[in-house]
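Read the numbers this way: they start at 1 and go in the same order the structure lists the ligands and their atoms.
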Amino acid sequence: MKEKIKIFLPEQKVNARIAEVAKKISEDYAGEEVHLICVLKGSVFFTCELAKRITVPVTMDFMSCSSYGNDIKSSGVVKIVKDLDEPLEGKNVLVVEDIIDSGRTLSYLLDILEKRNPKSMRLCTLLDKPDRRVKDVAVDYTCFEIPDEFVVGYGLDYAQKYRNLPFIGVVEFVDE
Ligand code: IMP
Ligand code: MG
């Protein structure tokens, strides 16, 4: 089986929606600074495009998580592979995610970050698959709600491939 990528959300549409969300964020944080937390690797493209369009002062930090073995499905326990460089104390933290699926990873991550005493903490995601939710997470900013399909591009991967596609595509499997 070979995979074929079908364009689902073209680049222009994604960027236009990111601009709208960035405008809303800039309004909501007027007079404040916002500290973006990019969850590697999937969120890196989205974080950059969002940051470029936010008009209030922005700082950024990066973290990387992985699940403990294959237990993620049952426990939702994640291991921090690369932690943040800076403390969150007193900051307006905006966690930037590529996609929220079951919500397990994020709900665990948000609990960890909340304990670091940020001034405020919100969540922004490029994509949301609400039908797949197992663990409730409060999403403050969503660019697109999508059906339960496996998507790639704009940072999202299939077996580490396709992150660099400038659009969001659906993976289709075809006979060679
Ligand atoms: P969950 O919300 O804990 O189930 O996990 C979300 C993570 O699963 C995301 O950060 C992605 O790494 C991955 N993921 C879920 N759905 C997709 C998809 O459609 N394409 C690529 N990665 C996905
Ligand atoms: Mg992710």
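- For Lys82, the NZ atom sits in a packed shell: over 12 heavy atoms of surrounding residues, nucleotides or ligands are nearer than 6.0 Å.
- Looking at Asp98 against ligand 1, only its side chain comes within 4.0 Å, counting heavy atoms.
- Counting the atoms of ligand 1 from 1 in the order shown, those under 4.0 Å from a heavy atom of Ser102 are 1 (P), 2 (O), 3 (O), 4 (O).
- Aromatic ring pairs are classed by plane angle as parallel below 30°, tilted from 30° to 60° and perpendicular above 60°; the pair Tyr29 and Tyr141 is tilted.
- Taking the six-membered ring for Trp and the full ring otherwise, Tyr154 and Phe144 have centroids separated by 6.0 Å or more.
- A heavy-atom separation below 4.0 Å is found between Glu149 and ligand 1.
- Polar contact with ligand 1: absent for Leu156 (N/O pair, distance under 3.5 Å).
- Ion pair Lys24/Glu20 not flagged as a salt bridge, since none of the NZ, NE, NH1 or NH2 atoms sits closer than 4.0 Å to an Asp/Glu carboxylate oxygen.
- The closest approach between a heavy atom of Gly103 and any atom of ligand 1 is below 4.0 Å.
- Judged purely by atom type and a 3.5 angstrom limit, Arg133 uses its side chain to pair as donor or acceptor with the backbone of Asp101.
- Heavy atoms of Leu127 come nearer than 4.0 angstrom to ligand 1 in no pair at all.
- Ligand 1 has at least one atom lying under 4.0 Å from a heavy atom of Ile99.
- Nearest residue to atom 15 (C) of ligand 1 from Asp101, Val137, Asp128 is Asp101 (criterion: closest heavy atom).
- Using a cut-off of 4.0 Å between Lys/Arg side-chain N and Asp/Glu carboxylate O, Asp61 and Lys91 are scored as not salt-bridged.
- A donor-acceptor pair under 3.5 Å is absent between the side-chain atoms of Asn117 and the main chain of Glu89, judged by distance alone.
- Interface atoms of ligand 1 facing Thr105, defined by a heavy-atom separation under 4.0 Å, are 1 (P), 3 (O), 5 (O).
- At distances below 3.5 Å, at least one donor-acceptor pair connects side-chain atoms of Ser43 with backbone N or O atoms of Asp98.
- The contact set between ligand 1 and Asp157, taken as ligand atoms under 4.0 Å from a residue heavy atom, comprises 21 (C).
- Note on ligand 1: Lys135 sits outside its first shell, no heavy atom being nearer than 4.0 Å.
- A distance of 14.0 Å separates NE2 of His35 from NZ of Lys119, quoted to the nearest 0.5 Å.
- For the pair Leu106 and ligand 1, the shortest N or O to N or O distance does not fall below 3.5 Å.
- Taking each of Val151, Val170, Val171, Val78 in turn, the one with a heavy atom nearest to atom 20 (N) of ligand 1 proves to be Val151.
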